[in-house]
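Per chain, numbering begins at 1; letters A, B, ... match sequence-line order.
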Protein chains: 2
Amino acid sequence: MASITQIIDHAENTCRKNGAKLTEKRKRVLTGLLISKKALSAYELIDFMQKEFNESPPAMSVYRILDFLETENLVHKLHLANKYIACSHISCAHEHEVPQFLICDKCGNVKEIGIKKSLINTLKQNVEKSGYVLKSPQLELHCLCHECA
Amino acid sequence: MASITQIIDHAENTCRKNGAKLTEKRKRVLTGLLISKKALSAYELIDFMQKEFNESPPAMSVYRILDFLETENLVHKLHLANKYIACSHISCAHEHEVPQFLICDKCGNVKEIGIKKSLINTLKQNVEKSGYVLKSPQLELHCLCHECA
DNA sequence: TGCAATAATGTTATAAAATAACATTTTAAA
DNA sequence: TTTAAAATGTTATTTTATAACATTATTGCA
Ligand SMILES: [Zn+2]
Ligand SMILES: [Zn+2]
Ligand SMILES: [Zn+2]
Ligand SMILES: [Zn+2]
């Protein structure tokens with residue numbers, strides 16, 4: 001398990017390669033999400049940063065920064081509850097798979113797993129059979145985690 | 001394709017069987033959702049009813065009524081965007097399957113299809129392999145509809 | 001029937017989440 | 001250095017959701 005500093009360094013390199021800049025403020029927002037074990041809404045993240053770093057960036061900036069981090073594939077947005085979570089593969093070299101999120105409805109813990117190609121194909125086929133085109137097969141499932149089950 | 005009146009009558013019977021009451025106001029909210037082809041938020045639904053029926057029930061009541069209709073399986077809530085849509089099987093006699101929603105990201109049209117048992121099992125297995133328990137396999141997928149693709 | 005108890009709906013206030021419009025600061029190029 | 005673009009800040013507003021309490025309607029029963 002890489003340290004936060006290592007993760008941030010790695011993320012900075014990834015951004016640089018994409019011609020994007022991981023600024024100090026962006027780093028701190030990302031650090032917040034990395035430390036938090038749960039997915040957080042923008043406002044929850046601000047509260048969290050206040051407690052952890054004694055720093056509350058304005059909501060607007062946080063929204064923009066989260067958008068940026070999402071574009072760079074450093075965080076994911078869970079539409080299910082409009083919350084964000086740091087990518088589990090944030091320091092991996094491999095291409096990012098389509099993520100599937102297991103969200104514990106009780107304690108809020110989230111686990112990110114990759115979707116099997118075969119499952120994606122099944123989904124795609126189902127969708128096409130209905131005359132639709134699948135844009136993103138990202139799945140977000142209501143679950144209970146090991147502790148809460 | 002059953003008429004709205006027929007659907008409402010059928011829904012009323014279903015409710016009665018469950019010991020619940022489909023009141024006039026509940027009927028009108030449901031009618032709104034039935035006429036709308038898209039999933040609507042509570043507030044969008046109020047606007048829609050204002051235009052269609054020249055009637056705007058208070059938001060609080062609409063939220064409560066939507067909760068009721070959801071409990072009775074007459075409408076579904078799409079958590080993806082916190083919107084509601086009338087069930088496609090609202091007049092069917094058969095047991096309701098686990099729904100899978102194809103949501104057109106461009107025009108907002110939603111198609112409700114049933115999930116194959118085998119797909120549900122695959123999902124369940126994936127989840128269990130990760131130490132979680134699947135609470136609800138309802139799927140909400142980002143798609144493009146035939147017209148928008 | 002008349003009267004409680006319950007259910008359904010209404011009202012008002014407030015909280016929470018998201019976005020819009022514009023200002024300022026910082027950074028990178030020319 | 002000057003200028004353009006990018007990043008961030010500020011303020012206001014909109015949208016969504018819930019809480020607390022009031023009123024009305026319905027139902028069961030004395
Ligand atoms: Zn990821
Ligand atoms: Zn849990
Ligand atoms: Zn349905
Ligand atoms: Zn469409």
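The list of ring-ring contact (aromatic ring centres under 6.0 Å, His included) pairs with a residue in residues 101-141 of chain A, not counting sequence neighbours, reads His76(A)-Phe101(A). The stretch residues 12-44 of chain A participates, sequence neighbours left out, in no ring-ring contact (aromatic ring centres under 6.0 Å, His included) pair at all.
Evaluation of the side-chain contact (heavy atoms from CB on, under 4.5 Å) rule for Pro57(A) yields Met49(A), Glu55(A), Val62(A) as partners, not counting sequence neighbours. Taking the side-chain contact (heavy atoms from CB on, under 4.5 Å) definition, one finds that Glu128(A) meets it with Lys124(A), sequence neighbours left out. Applying the side-chain contact (heavy atoms from CB on, under 4.5 Å) rule to Ser36(A) yields the partners Lys38(A), Leu40(A), Phe48(A); only residues at least two apart in sequence or on another chain are considered. For the ring-ring contact (aromatic ring centres under 6.0 Å, His included) test, no residue two or more places apart in sequence or in another chain qualifies with His146(B). In this structure, the side-chain contact (heavy atoms from CB on, under 4.5 Å) partners of Glu147(B), at least two apart in sequence or on a different chain, are Cys145(B).
dA6(D) atom C1' lies 14 Å from atom CD of Glu72(A), rounded to whole Å. The separation between Ile46(B) atom CD1 and dA17(D) atom P is 11 Å, rounded to whole Å. Here the P atom of nucleotide dA19(D) and the CG atom of Asp67(B) are 11 Å apart, to the nearest Å. Atom CG of Leu66(A) is separated from atom P of dT19(C) by 12 Å (rounded to the nearest Å). Atoms CG (Leu40(B)) and P (dA17(D)) sit 12 Å apart, rounded to a whole Å. The nearest whole Å value for the distance from the CG atom in Leu69(A) to the C1' atom in dA7(D) is 13 Å. Summarising the geometry, the separation between CG on Asp47(B) and P on dT14(D) is reported as 14 Å, rounded to the nearest angstrom. Whole-Å rounding puts the Glu55(A) CD to dT8(D) P distance at 12 Å.
Taking a pair as Watson-Crick or G-U wobble with both distances under 3.5 Å, the runs of three or more consecutive pairs in DNA chain D are C:1-30 with D:1-30.
Between Thr31(B) atom OG1 and Glu24(B) atom CD the span is 9.0 Å, to the nearest 0.5 Å.
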Q: Summarise how protein sits on nucleotides 9-14 of chain C as a single string, 5' to 3': B when a protein heavy atom is under 4.0 Å from the base, S for sugar-phosphate-only contact, - for no contact.
A: BBB---
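Among the protein residues, Phe68(B) comes within range of no part of the nucleic acid, since none of its heavy atoms lies under 4.0 Å from any strand.
Taking side-chain N and O atoms only, Tyr43(A) has no distance below 4.0 Å to OP1 or OP2 of dA16(C).
Contact annotation: the side chain of Val29(B) never approaches that of Val75(B) to less than 4.5 Å [non-hydrogen atoms, C-beta and beyond].
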